[in-house]
Amino acid sequence: MESTAINNSPATLVGLRLNQAIAHSGLCSRKAAARLISEQRVLVNGQQQPHHYLIKTGDFIQIDGKALPEASPRQCWLYHKPVGVDCNVKSDDPYSIAQLLATLPLRLFPLGRLDKDSSGLLLLSNDGALAHRLMHADQLQQKEYRVEVDKVVTEAQVLQLAAGVSWQLGTTLYQSDPCIVKAENNLLTIVLTQGLNRQIRYMCRAVGLKVLTLHRVRINQLLLTHAVGCCRPLTADEMLLLTARS
């Protein structure tokens with residue numbers, strides 16, 4: 001087990017909550033860090049601590065017996081995800097995005113997700129603050145999708161989708177927020193600020209439509225114009241487009 005001092009600069013971590021400090025290292029998102037803490041896989045100075053523990057100078061953080069890695073420079077990458085890639089990071093799954101992440105020169109994690117049967121713009125980053133800004137519905141970040149469905153879409157269905165629909169999974173009832181919806185024959189353009197699991201597929205099912213293809217083409221003002229499989233860092237201009245409100 002590691003026993004050396006923390007690899008991160010104390011000045012960048014002191015005063016942060018434990019889950020924030022882990023996310024700051026670029027190892028994973030805050031949500032994933034919180035899960036690691038709940039699973040009792042995180043030690044501070046050899047002891048388990050709660051999520052809200054505040055980091056002090058000289059604290060030594062370990063995850064699964066290994067020292068918290070040194071923070072990498074904040075980066076955000078663009079990935080044109082193909083159909084068939086699963087956004088769950090599972091190193092033993094040949095279809096997982098983990099296979100791509102392992103080939104990159106620094107530790108990144110997906111900002112949000114697209115389901116395995118969907119394609120399009122996915123962001124990879126080691127910036128926990130950016131992840132919070134882009135992934136939480138209360139931040140009102142726009143994400144635009146092009147959706148092919150199994151039949152011609154009626155005006156009534158467009159109005160239903162735009163106003164918000166509900167669906168139930170088990171005992172849980174979900175509700176979509178009002179959103180922007182346009183239709184031409186069997187093709188939909190949907191702009192969301194929510195990010196519920198498989199949301200567009202369930203929204204369409206609620207109004208009698210079946211999704212055939214689903215493709216994300218925009219996050220805020222950042223458009224996807226790259227070939228399938230492209231994976232590269234965002235330019236400074238692209239970061240401005242990403243962080244600017246639509």
Side-chain angles (χ1 to χ4, degrees), residues 26 28-29 31-32 72-91 93-137 139 141-149 179-182 184 186-204 211-246:
C28 59
S29 66
K31 183 177 180 180
S72 301
R74 303 298 91 189
Q75 287 201 28
C76 188
W77 287 45
L78 174 152
Y79 177 42
H80 186 159
K81 188 189 93 65
V83 170
V85 173
D86 191 330
C87 288
N88 290 303
V89 181
K90 298 179 179 178
S91 59
D93 181 356
Y95 301 103
S96 170
I97 195 170
Q99 308 309 319
L100 169 69
L101 298 178
T103 69
L104 302 181
L106 72 168
R107 294 179 298 272
L108 300 175
F109 53 86
L111 301 190
R113 62 182 58 194
L114 287 168
D115 65 57
K116 191 173 182 179
D117 297 324
S118 301
S119 62
L121 177 56
L122 182 69
L123 297 173
L124 311 174
S125 184
N126 57 5
D127 188 336
L130 180 63
H132 176 82
R133 179 172 178 178
L134 295 178
M135 293 168 62
H136 286 254
Q139 300 296 308
Q141 310 294 317
Q142 286 194 349
K143 300 175 180 66
E144 181 176 333
Y145 302 82
R146 303 288 166 81
V147 186
E148 179 186 7
V149 294
C179 60
I180 299 170
V181 182
K182 299 178 183 178
E184 183 176 348
N186 69 325
L187 298 177
L188 286 163
T189 297
I190 300 177
V191 180
L192 301 178
T193 56
Q194 272 180 302
L196 301 175
N197 185 41
R198 299 177 71 85
Q199 178 172 348
I200 289 178
R201 296 181 187 275
Y202 288 121
M203 287 171 59
C204 288
V211 171
L212 301 179
T213 64
L214 194 159
H215 187 67
R216 183 155 66 198
V217 298
R218 177 172 67 87
I219 299 177
N220 288 341
Q221 296 183 40
L222 178 65
L223 295 172
L224 179 63
T225 58
H226 304 77
V228 175
C230 174
C231 184
R232 62 164 182 79
L234 293 183
T235 65
D237 287 343
E238 287 171 333
M239 279 299 300
L240 290 175
L241 291 173
L242 176 64
T243 53
R245 292 297 179 92
S246 300

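We're numbering straight along the sequence, starting at 1.
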*Would a 4.5 Å heavy-atom cut-off, applied to side chains only, mark Leu111 and Tyr79 as touching?*
no
*To the nearest 0.5 Å, how far apart are CG in Leu130 and CZ in Arg74?*
10.0 Å
_Checking side-chain polar atoms at under 3.5 Å, does Gln142 have a donor or acceptor matched by the opposite partner on Asn220?_
no
*Can you list the steps and then say if Leu187 with Thr189 is a side-chain contact (heavy atoms from CB on, under 4.5 Å)?*
CA-CA 7 Å; Leu187 298 177; Thr189 297; over 6 Å; no
*Hey, what do you get for OH (Tyr202) to CG (Leu196), rounding to the nearest 0.5 Å?*
11.0 Å
*Point-to-point distance, once rounded to the nearest 0.5 Å, from CG of Leu78 to NZ of Lys81*: 13.5 Å
*Checking His80 side chain against Leu121 main chain: does a donor-acceptor pair fall under 3.5 Å?*
no
_Value rounded to 0.5 Å, distance of CZ in Arg232 from CG in Leu124_ = 12.0 Å
*Side-chain contact, heavy-atom cut-off 4.5 Å: Met203 with Cys179?*
yes
*Apply side-chain contact (heavy atoms from CB on, under 4.5 Å) to the pair Thr193 and Lys143, showing each step before the final yes or no.*
CA-CA 6 Å; Thr193 56; Lys143 300 175 180 66; over 6 Å; no
_Quick check against the 3.5 Å criterion: does Asn186 have a side-chain atom that pairs as donor or acceptor with the backbone of Val149?_
yes
*Is the backbone N or O of Lys90 less than 3.5 Å from a side-chain atom of Ser96, with the two atoms forming a donor-acceptor pair by type?*
yes
*Electrostatic pair Arg198-Asp115, nearest N-O below 4.0 angstrom*: yes
*State whether a side-chain donor-acceptor pair under 3.5 Å links Asn88 with Arg113.*
yes
*Determine the minimum heavy-atom distance between Thr235 and Glu238, stating which atoms define it.*
N-OE1, 2.9 Å
*Between CD on residue Gln194 and CD1 on residue Ile200, distance to nearest 0.5 Å*: 10.5 Å
*Pairing of Lys182 and Glu144 as salt bridge, 4.0 angstrom limit*: no
*Which residues share a salt bridge (charged side-chain N to carboxylate O under 4.0 Å, His left out) with Glu148, sequence neighbours left out*: none
*Any side-chain heavy-atom pair of Cys204 and Leu188 under 4.5 Å*: yes
*If we only count heavy atoms from C-beta on, is the Gln75 to Asp127 side-chain gap below 4.5 Å?*
no
*With a 4.5 Å heavy-atom cut-off, do Leu222 and Leu234 have their side chains touching?*
yes
*asked:* Under a 3.5 Å cutoff, is there a donor and acceptor pairing between the side chains of Ser118 and Arg201?
replied: yes
*Minimum heavy-atom separation for Asn126 to Phe109, with atom names?*
CA-CE2, 3.6 Å
*NZ/Lys116 to CG/Asp93 distance, rounded to the nearest 0.5 angstrom?*
6.0 Å
*Is Val228 close to Ser119 at the side-chain level, that is, under 4.5 Å between some pair of heavy atoms?*
no
*Check whether any side-chain heavy atom of Leu123 lies under 4.5 Å from a side-chain heavy atom of Trp77, and answer yes or no.*
no
*Got more than 12 heavy atoms from elsewhere within 6.0 Å of NZ, Lys31?*
no
*asked:* If you apply the rule side-chain contact (heavy atoms from CB on, under 4.5 Å), what do you find for Val89 with Leu101, and how did you get there?
replied: CA-CA 9 Å; Val89 181; Leu101 298 178; 4.1 Å; yes
*Can you list the steps and then say if Ile97 with Leu122 is a side-chain contact (heavy atoms from CB on, under 4.5 Å)?*
CA-CA 11 Å; Ile97 195 170; Leu122 182 69; 3.6 Å; yes
*Are Val191 and Arg218 close enough that some pair of their side-chain heavy atoms sits under 4.5 Å apart?*
yes
